[in-house]
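Here's the structure, in structure tokens; my notes come after.
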Amino acid sequence: MTINDERYPANFISAIIESDQASGKHDGRVKTRFPPEPNGYLHIGHAKAICLNFGLAKDFGGQTNLRFDDTNPIKEDIAFTTAMKEDITWLGFNWADERNASDYFEALFDYAVQLIRDGKAYVDSLSGDEIREYRGTLTEPGRNSPYRDRSIDENLDLFSRMRAGEFADGAHVLRLKIDMASGNMNLRDPSIYRIRHVSHHQTGDAWCVYPLYDYTHCISDALEHITHSLCDTGFEDHRPLYNWVLEQLDMPSRPQQIEFSRLNLQYTVTSKRKLKQLVEEGLVSGWDDPRMPTIAGMRRRGYPPASLRDFCRRIGITKSENNVELALLESCVREALEPAAPRAMAVLDPVKLVITNLPETASLSLQVANHPKDPAMGDRQVPFTREVYIDRADFRLEANRKYKRLVLHEEVRLRGSYVIRAESVVTDDTGNVVEIHATYDPETLGTNPPDRKVRGVIHWVSATENLPAEFRRFQPLFKVPFPDAEDGDYRDLINPDSEVVFFGYVERSLADQDLSTRYQFEREGYFVQDADQGRDGVLRFNEIVGLRDSFSKTGQI
RNA sequence: UGGGGUGUCGCCAAGUUGGUAAGGCACAAGGUUUUGAUCCUUGCAUGCGGGGGUUCGAGUCCCUCCACCCCAGCCA
């Protein structure tokens with residue numbers, strides 16, 4: 001599947017765009033923007049917004065700008081912009097223009113002066129606390145600030161002196177003059193400029209007054225000729241303000257804000273504050289920890305970018321609350337991997353099995369298909385030796401017929417190899433099986449014995465011709481489906497077993513592998529080499545996602 | 001009667017101008033299988049938050065209740 005085959009299923013936003021194109025609005029043009037604030041890493045929720053903005057524009061022959069919403073220098077860092085661009089590119093999207101809201105600081109200032117001249121904005125000298133008091137509450141109207149009726153000249157003078165740096169942080173603020181009695185809190189004379197004597201990662205020390213989001217965003221959209229400005233439903237009651245500002249000014253275009261609901265994914269958190277805390281407190285190894293819902297984390301985990309795009313399309317776009325199950329994401333990942341991942345064998349929890357009727361010097365080279373349904377993926381040679389490793393879970397001293405693995409005195413097939421029979425076991429002082437002795441049936445390579453039915457098939461790796469490796473298997477970072485809804489500290493809900501390390505072996509054929517190849521270790525799951533390789537010569541694999549398992553979940557194990 | 005939203009199968013989600021409930025995930029049951037994987041087949045809402053009403057006919061129109069979410073940053 002190429003990205004061009006991917007189209008968004010019908011949703012209410014695509015319907016709006018269709019009707020806009022049909023009516024000739026915006027001359028049929030479609031332009032969106034993805035506007036992250038560079039104050040953290042992009043996560044799965046952003047992926048939804050990225051796929052929507054870039055995907056919809058692409059679907060309708062339009063373009064998408066990348067715009068860093070950098071109006072708050074206190075919280076932002078240029079390092080995040082670099083990571084964000086890498087994430088978006090990796091996801092498979094290309095932006096038309098890269099912009100910063102800070103590119104518009106001069107224009108924004110001029111528009112503010114214009115609003116003052118028109119009597120639509122004023123400098124307020126109330127303190128932050130006072131402004132809050134005057135604002136009223138959700139059910140009571142606010143009161144006008146005593147500074148609301150300053151003369152235009154005084155406002156002009158004050159505002160220019162604010163810019164000139166004559167005042168301390170918080171001394172004044174520029175406010176829009178709308179309606180302190182509005183039921184919509186956003187319309188109660190919102191602040192649009194604050195004084196902050198801090199340098200900005202893009203503009204340095206050029207400014208000490210910085211515009212706020214509501215004022216900046218709509219103008220930035222208009223300046224970039226954005227046609228459809230998509231954001232989450234949290235901004236729904238900001239829309240009247242968005243429109244108000246654009247209506248007061250003489251703008252080159254008139255964008256439309258449309259809100260859709262943000263993604264809620266079970267067993268994870270996506271609040272920037274919490275993700276940042278997980279990283280800073282060392283609860284995870286970093287922004288790209290494979291258990292993190294960040295794009296960087298999912299990339300390191302091995303999720304193919306196409307699977308994320310597929311996921312974002314399948315969850316749909318609406319305005320309603322949603323709680324998407326992890327199973328859907330995992331299904332998308334498996335679907336992308338199943339046809340593409342070459343198969344190999346790895347034993348994560350090894351126990352030695354000695355094939356007693358095979359000479360010690362024997363090393364048969366078996367030809368094994370790299371994919372059961374795709375001959376084009378070729379074959380590989382797998383050494384079959386007297387001693388091999390199998391997984392502990394694949395052997396039992398006794399079991400009922402439902403157990404389709406190796407049982408003492410019974411037969412099982414070694415995947416891609418022969419049928420073997422477990423003859424005896426060696427145990428240690430505590431009774432643990434430390435070695436299994438078996439015999440193989442030389443007549444069973446590539447064919448089943450005609451006279452009897454073999455229990456099942458298990459995977460294995462030569463004990464003498466292999467590659468030792470470390471494996472990390474993952475479970476959701478949180479123990480509960482809705483960590484945000486739980487009382488108490490969400491950090492107490494972290495699953496202590498979310499990462500489990502195994503030391504085992506993979507077949508020798510992976511020695512010269514491409515670091516980016518995503519494998520399916522048969523009967524175990526999909527794995528990819530970790531980005532952190534070679535610091536000590538250890539081969540390290542991350543589990544991308546397990547195989548669907550209809551056996552263990554039935555509780556029959 | 002502060003303002004703004006949302007309620008269709010366990011989860012997500014389609015449902016043009018009212019015409020007799022898509023699809024995906026999950027789940028269940030079969031079949032194929034040298035991965036308990038994949039793949040294939042079948043099943044899975046007389047019901048669309050509740051109650052009224054209009055209509056030959058309503059998830060779609062009207063009325064009325066109910067539930068849940070968002071908003072009181074000089075954050076975005």
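In what follows, chains carry the letters A, B, and so on, assigned in the order in which the sequence lines appear, proteins first and then strands, with residues in each chain numbered from 1. Because the structure is predicted, anything quoted here is derived from the model rather than measured.
Proximity of A:D59 to A:S14: side-chain heavy atoms (C-beta onward) are nowhere separated by under 4.5 Å.
For the pair A:R163 and A:F109, the cation-pi criterion (under 6.0 Å, within 45° of the ring axis) is fulfilled. With A:F60 as the aromatic partner, A:R7 meets the cation-pi criteria of under 6.0 angstrom to the ring centre and within 45 degrees of the ring axis. Judged by a 6.0 Å distance limit and a 45° cone about the ring axis, A:R518 is not positioned over the six-membered ring of A:Y526.
Within the 4.0 angstrom heavy-atom criterion, only backbone atoms of the sugar-phosphate kind lie near A:R132; the bases stay farther away. Using a 4.0 Å heavy-atom cutoff across all strands shown, A:S331 reaches sugar-phosphate atoms only and no base atom. Heavy atoms of A:L126 sit under 4.0 angstrom from at least one base atom. Residue contacts for A:S261: at a heavy-atom cut-off of 4.0 Å it reaches no nucleic acid atom on any strand shown. Residue-level contact check: A:P372 touches the bases, meaning some heavy atom is under 4.0 Å from a base atom. If you check every strand for non-hydrogen atoms under 4.0 Å, A:R413 touches a base. Base engagement by A:Q520 is indicated by at least one non-hydrogen atom pair under 4.0 Å involving a base atom. Using a 4.0 Å heavy-atom cutoff across all strands shown, A:H459 reaches no nucleic acid atom at all. Counting any heavy atom pair closer than 4.0 Å across all strands shown, A:I74 reaches no nucleic acid atom. Residue contacts for A:G142: at a heavy-atom cut-off of 4.0 Å it reaches no nucleic acid atom on any strand shown. Nucleic acid contact for A:I317: sugar-phosphate only, since backbone atoms but no base atoms lie under 4.0 Å from a heavy atom of the residue. Here A:Y193 lies out of heavy-atom contact (under 4.0 Å) with every strand. Within the 4.0 angstrom heavy-atom criterion, only backbone atoms of the sugar-phosphate kind lie near A:I315; the bases stay farther away. Within the nucleic acid shown, A:E236 comes within 4.0 Å of sugar-phosphate atoms alone, with no base atom in reach, counting heavy atoms only.
Comparing B:G43 with B:C61, their C1' atoms are spaced 36 Å from each other, to the whole Å. Look at the C1' atom in both B:C25 and B:A67: the space between them is 26 Å, to the nearest Å. Here the separation of B:A72 from B:C27, taken at their P atoms, is 40 Å to the nearest Å. Here, B:A22 and B:C44 have their C1' atoms 15 Å apart, quoted to the whole Å. Separation of the C1' atoms belonging to B:U60 and B:A76 is 37 Å when rounded to the nearest angstrom. Between B:C48 and B:G7, the two C1' atoms lie 10 Å apart (nearest whole Å). Comparing B:U6 with B:G59, their C1' atoms are spaced 15 Å from each other, to the whole Å. Taking atom C1' in both B:G10 and B:A26, the straight-line distance is 7 Å, to the nearest Å.
The base of B:G3 is paired with the side chain of A:D237 by a donor and an acceptor separated by under 3.5 Å. For A:K319 and B:U6, a side-chain-to-base donor-acceptor distance below 3.5 Å is absent, hydrogens and geometry of angles not being considered. Side chain A:E524 to base B:U35: no donor-acceptor pair is found below 3.5 Å. Side-chain atoms of A:R405 come within donor-acceptor range of the base of B:G36, with a qualifying N/O pair under 3.5 Å. One cannot find a donor-acceptor pair under 3.5 Å joining the base of B:G5 and the side-chain atoms of A:E259.
For A:L212, the side-chain atoms get nearest to B:C75 when compared with the rest of B:C12, B:A13, B:C75. When each of B:A14, B:C25, B:G36 is scored by its nearest atom to the side-chain atoms of A:A327, the top-ranked nucleotide is B:C25. Closest to the side chain of A:N11, out of B:C74, B:A14, B:G2, is B:A14. Proximity note for A:K404 (side chain, C-beta onward) versus B:A72, B:G36, B:G24: the nearest is B:G36. Of the listed nucleotides (B:C74, B:C12, B:C71), B:C12 has the atom at the smallest distance from the side chain of A:V324. Side-chain atoms of A:F551 lie closest to B:G36 of the nucleotides B:A13, B:G36, B:A37. Among B:U35, B:C74, B:G24, the nucleotide with an atom closest to any side-chain atom of A:V457 is B:U35. Here the nucleotide nearest the side chain of A:S320, chosen from B:U6, B:A76, B:A14, is B:U6. In the set B:G36, B:A76, B:U35, the nucleotide with an atom closest to the side chain of A:L547 is B:U35.
Aromatic pair A:F311/A:Y303: ring centres not closer than 6.0 Å. Side-chain rings of A:Y389 and A:Y505 approach one another, their centers coming within less than 6.0 Å. The aromatic ring centroids of A:F502 and A:F471 lie 6.0 Å or more from each other.
The nearest whole Å value for the distance from the CG atom in A:N264 to the C1' atom in B:C68 is 13 Å. When rounded to the nearest whole Å, the span between CZ of A:R314 and P of B:G23 equals 15 Å. Atoms OH (A:Y215) and C1' (B:C75) sit 18 Å apart, rounded to a whole Å. Look at CE on A:M185: it is 16 Å from P on B:C75, rounded to the nearest Å. The CG atom of A:N323 sits 12 Å away from the P atom of B:C69 (whole-angstrom rounding). Atom CG of A:N184 is separated from atom C1' of B:C71 by 8 Å (rounded to the nearest Å).
For B:C69, the OP1/OP2 oxygens have no side-chain nitrogen or oxygen of A:T233 closer than 4.0 Å. Between B:C74 and A:R196, no contact under 4.0 Å exists linking OP1 or OP2 to a side-chain N or O. Contact between the side-chain N/O atoms of A:T71 and the OP1/OP2 oxygens of B:A76 is found at a separation under 4.0 Å. Applying the 4.0 Å criterion to OP1 and OP2 of B:C71, one finds that A:R135 has every side-chain N and O outside that range. Distances shorter than 4.0 Å separate none of the side-chain N or O atoms of A:R548 from OP1 or OP2 on B:G36. At the phosphate of B:G36, neither OP1 nor OP2 sits under 4.0 Å from any side-chain N or O atom of A:S550.
A glycosidic torsion no more than 90° from 0 defines the syn conformation, and B:G73 adopts it.
Near RNA chain B, defined here as any heavy-atom distance below 4.0 Å, there are no residues from residues 174-182 of chain A.
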Step by step, work out the ring pair (Phe, Tyr, Trp, His ring centres under 6.0 Å) result for A:Y267 and A:F482.
CA-CA 6 Å; A:Y267 292 98; A:F482 306 106; 8.0 Å; no
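Put simply, CZ on A:R413 and CD1 on A:I458 are 11.5 Å apart, with the number rounded to the nearest 0.5 Å.
Taking the six-membered ring where tryptophan is involved, the planes of A:Y213 and A:F235 are tilted, since the angle between them lies from 30° to 60°.
In this structure, A:Y213 forms no aromatic stack with the base of B:A76, since the conditions of centre separation below 5.5 Å and plane angle below 30° are not both met.
Side chains of A:H217 and A:D69: a donor on one and an acceptor on the other come within 3.5 Å. Side-chain contact check for A:Y403 and A:R455: no donor-acceptor pair (N or O, by modelled atom type) lies under 3.5 Å.
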